[in-house]
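Each residue takes its place number in the sequence, starting with 1.
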Amino acid sequence: MSKVTQSTIQVGELATGQALTIPLYDIKGTDSAAPSVYIQANVHGAEVQGNAVIYQLMNLLEGYDVLGDIRFAPLANPLGINQKSGEFTLGRFDPITGVNWNREYFDHNIDLATWYAEHQHLADDVLFQAYRATLIESCQARLKQPFGITTGHRLAVSLQSMAHKADIVLDLHTGPKSCKHLYCPEYDIDAARFFSIPYTLVIPNSFGGAMDEAAFCPWWQLSDFAAKQGRVFAVPVSAFTLELASQERIDLADALIDAKGILAYLSHRGVIREKVEPADMARFGCYLKDYKKFHAPKAGLIEYCAAVGQPLNAGQPLVNILRMDLYGTDDAHQVISLPMDCVPILHFASASVHQGTELYKVMTNVFRL
């Protein structure tokens, strides 16, 4: 029923002069009033499972009546994807600047007082069109600024410019060794019940450089500013980061589960005509302030004792640290636990760590959604 068309977009140039491009896949909706969607994957080189989810989702959508325009950008970071060393993909950080590829997006810092004063006479739908145009124009100006921008920032702003055209933005990632989890803005917490993801991190209106924040923060800021002027409207754009378990992994059967979860959300939002029910499953959340990082208290060889996605009681073993250089002493083997109940969400991939390495991220003060 729905036809997928393919194109490419240039996001930079290689040192030898070749154009750096990424593939795009589009489904044209039949209702211009329906929400539009932008979905990207593989911004981090090793985080490939999002491509499998996009593949399964495009297959599913061919059998549905698609009302809203949908754009897919799999393989969104060809530089990171091709950043290999032996059997491993190192594409988490821009090798030129050392910056995390997913912290390169543009904070517009719109002067809302001035902008709103000039546009407040507009009806809501026209106001939103004008604000969207402002964000896209800001991206284009950033790409063309006279002193230039870094390779990674150019890639990010090119992706961001496409995302700003959509009402719904989904950024597909994975962790190192991870269970599935969702980053969801606080204003949109009810949306978490549609995705096939058991754990949700509820995030504030604060820009940290990631794609989901780049997409929703300007609109949340506009909504808050208008509310202070006595004009109340819901945040018009929804954006989420879906963490689809572990990196360096393709699982097509699991990808189908996540694609169906996305389909349930798109059905709820009216992007497709058909009704798709979300998976019947328990879902839990915590606020981002309660998402804690545990760093290695000393160097050594690590046994990761706590399973990701499984509740861990206070005092239960989190890691064992083995120090062969201290064999024969009490410090050769140390069991580490945490003083509070938590749910481990992800852990570092390597068993060999320096002191201070981020070993686990855990959810605390967990509540049921």
Side-chain angles (χ1 to χ4, degrees), residues 5 7-12 20-29 32-41 43 68-73 76-77 101-171 185 205 207-226 233-241 269 271:
T5 60
S7 61
T8 60
I9 183 174
Q10 183 171 339
V11 293
L20 187 66
T21 63
I22 60 174
L24 301 174
Y25 298 87
D26 287 280
I27 298 176
K28 183 67 177 175
S32 60
S36 56
V37 184
Y38 172 78
I39 304 176
Q40 69 176 28
V43 165
D69 295 344
I70 306 176
R71 166 160 283 186
F72 299 95
N77 181 2
W101 289 111
N102 195 36
R103 297 296 183 272
E104 295 266 31
Y105 297 98
F106 182 39
D107 187 357
H108 298 280
N109 286 314
I110 301 292
D111 180 354
L112 279 174
T114 300
W115 189 93
Y116 188 76
E118 295 174 353
H119 296 85
Q120 61 182 331
H121 64 283
L122 300 173
D124 284 356
D125 57 342
V126 184
L127 182 80
F128 299 157
Q129 292 173 17
Y131 195 60
R132 189 185 304 277
T134 296
L135 296 176
I136 294 170
E137 290 165 7
S138 177
C139 284
Q140 296 306 310
R142 185 71 172 176
L143 291 170
K144 296 174 182 176
Q145 70 159 324
F147 284 92
I149 57 176
T150 67
T151 302
H153 192 47
R154 176 172 295 280
L155 168 67
V157 176
S158 297
L159 298 173
Q160 185 176 350
S161 184
M162 291 190 291
H164 279 319
K165 298 174 183 177
D167 303 304
I168 298 167
V169 177
L170 304 181
D171 194 12
N205 189 5
F207 182 76
M211 168 58 92
D212 54 357
E213 298 157 345
F216 72 67
C217 278
W219 291 97
W220 197 349
Q221 291 160 4
L222 176 64
S223 176
D224 283 351
F225 186 87
F233 51 78
V235 180
V237 167
S238 297
F240 311 93
T241 295
R269 290 295 308 275
V271 178

May I ask you to test the [X]-[Y] pair for a side-chain heavy-atom distance under 4.5 Å?
{"X": "I27", "Y": "F72", "answer": "yes"}
{"X": "V43", "Y": "M211", "answer": "no"}
{"X": "I110", "Y": "P218", "answer": "no"}

Could you state the interatomic distance from [atom1] ([X]) to [atom2] ([Y]), rounded to the nearest 0.5 Å?
{"X": "L24", "Y": "T8", "atom1": "CG", "atom2": "OG1", "result": "7.0 Å"}
{"X": "Y105", "Y": "Q160", "atom1": "OH", "atom2": "CD", "result": "8.0 Å"}
{"X": "L155", "Y": "N77", "atom1": "CG", "atom2": "CG", "result": "5.0 Å"}
{"X": "R154", "Y": "L20", "atom1": "CZ", "atom2": "CG", "result": "11.0 Å"}
{"X": "D212", "Y": "C217", "atom1": "CG", "atom2": "SG", "result": "8.0 Å"}

Considering all heavy atoms of both residues, which atom of [X] and which atom of [Y] are nearest to each other, and what is their separation?
{"X": "V237", "Y": "A166", "value": "CG2-O, 4.0 Å"}
{"X": "C139", "Y": "H164", "value": "SG-CD2, 3.6 Å"}
{"X": "A130", "Y": "H119", "value": "CB-CD2, 3.9 Å"}
{"X": "V169", "Y": "A163", "value": "CG2-O, 3.6 Å"}

- Task: Scan residues 126-142 for pairs that pass side-chain hydrogen bond (donor to acceptor under 3.5 Å, both in side chains), counting only residues two or more places apart or in two chains.
- Result: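 Non-adjacent pairs meeting side-chain hydrogen bond (donor to acceptor under 3.5 Å, both in side chains): H108-S138, W115-T134, R132-D167, Q140-S161, R142-H153.
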